[in-house]
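Beneath this line is the structure, given in structure tokens, with notes to follow.
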Amino acid sequence: MAQDRWQPDADVYSPDRSVRLRADRSGQLHVDLRDLHRHTEESLAGQVRAAARVALATLQVEPGAADRPDRRHGGRR
């Protein structure tokens with residue numbers, strides 16, 4: 001994975017910003033961690049889970065979906 005050319009589809013942070021998770025739809029993943037000294041194993045796991053939930057939600061949205069009419073409500077999102 002060439003970091004200078006790679007364009008992730010999701011680039012999210014955990015609630016306390018100690019975890020940055022970047023991923024693309026092909027399955028590539030990059031995780032950056034910081035301020036680890038303030039975490040226990042359990043609290044860091046919670047931050048990773050929170051970032052992963054947001055990244056998965058981002059990746060599950062179809063590309064261009066924001067530009068198409070919302071069929072459930074008949075309008076735009």
Side-chain angles (χ1 to χ4, degrees):
M1 167 170 73
Q3 289 297 113
D4 57 342
R5 290 194 220 170
W6 183 57
Q7 295 295 316
D9 297 309
D11 187 351
V12 301
Y13 289 88
S14 64
D16 75 354
R17 300 186 68 80
S18 63
V19 177
R20 180 181 184 192
L21 196 151
R22 292 179 286 164
D24 66 20
R25 287 182 175 84
S26 71
Q28 291 187 47
L29 175 71
H30 183 90
V31 179
D32 294 310
L33 305 172
R34 68 178 193 168
D35 299 327
L36 295 180
H37 64 277
R38 67 184 199 184
H39 282 287
T40 65
E41 183 178 342
E42 289 179 25
S43 68
L44 180 59
Q47 295 298 312
V48 171
R49 280 192 303 272
R53 281 193 295 269
V54 175
L56 284 172
T58 301
L59 293 172
Q60 290 171 346
V61 172
E62 292 180 40
D67 299 329
R68 294 193 304 265
D70 185 347
R71 291 183 183 161
R72 292 174 297 170
H73 302 292
R76 295 188 69 78
R77 290 183 184 189

Checklist line | From Thr58 atom OG1 to Arg25 atom CZ, the distance as rounded to the nearest 0.5 Å | finding: 8.5 Å

Note to self: Taking Leu21 as the starting point, is it possible to reach Leu56 by hopping between hydrophobic residues whose side chains are less than 4.5 Å apart?
What the structure shows: no

Check: Are Leu33 and Leu29 connected in the hydrophobic side-chain network, where two residues link if heavy atoms are under 4.5 Å apart?
Finding: yes

Note to self: Run the side-chain hydrogen bond (donor to acceptor under 3.5 Å, both in side chains) test against Ser43 and tell me which residues pass, sequence neighbours left out.
What the structure shows: His39, Thr40

Note to self: Membership question, hydrophobic clusters at under 4.5 Å side-chain separation (ILVMFWY): are Leu36 and Val31 in the same one?
What the structure shows: yes

Distance-only criterion, 3.5 Å: show the donor-acceptor pairs between side-chain atoms of residues 44-55 and protein atoms not counting sequence neighbours.
{"unit_1": "Gln47", "atom_1": "OE1", "unit_2": "Ser14", "atom_2": "OG", "d": "3.0"}
{"unit_1": "Gln47", "atom_1": "OE1", "unit_2": "Asp16", "atom_2": "N", "d": "3.2"}

Next item on the list: Return the set of residues passing side-chain contact (heavy atoms from CB on, under 4.5 Å) with Asp24 (not counting sequence neighbours), or none when no residue passes.
Entry: Trp6, Asp9, Ser26, Gln28

Notebook entry, point to check: Do the non-hydrogen side-chain atoms of His30 and Arg20 ever get within less than 4.5 Å of each other?
Noted result: no

Next item on the list: Return the set of residues passing salt bridge (charged side-chain N to carboxylate O under 4.0 Å, His left out) with Asp35 (not counting sequence neighbours), or none when no residue passes.
Entry: none

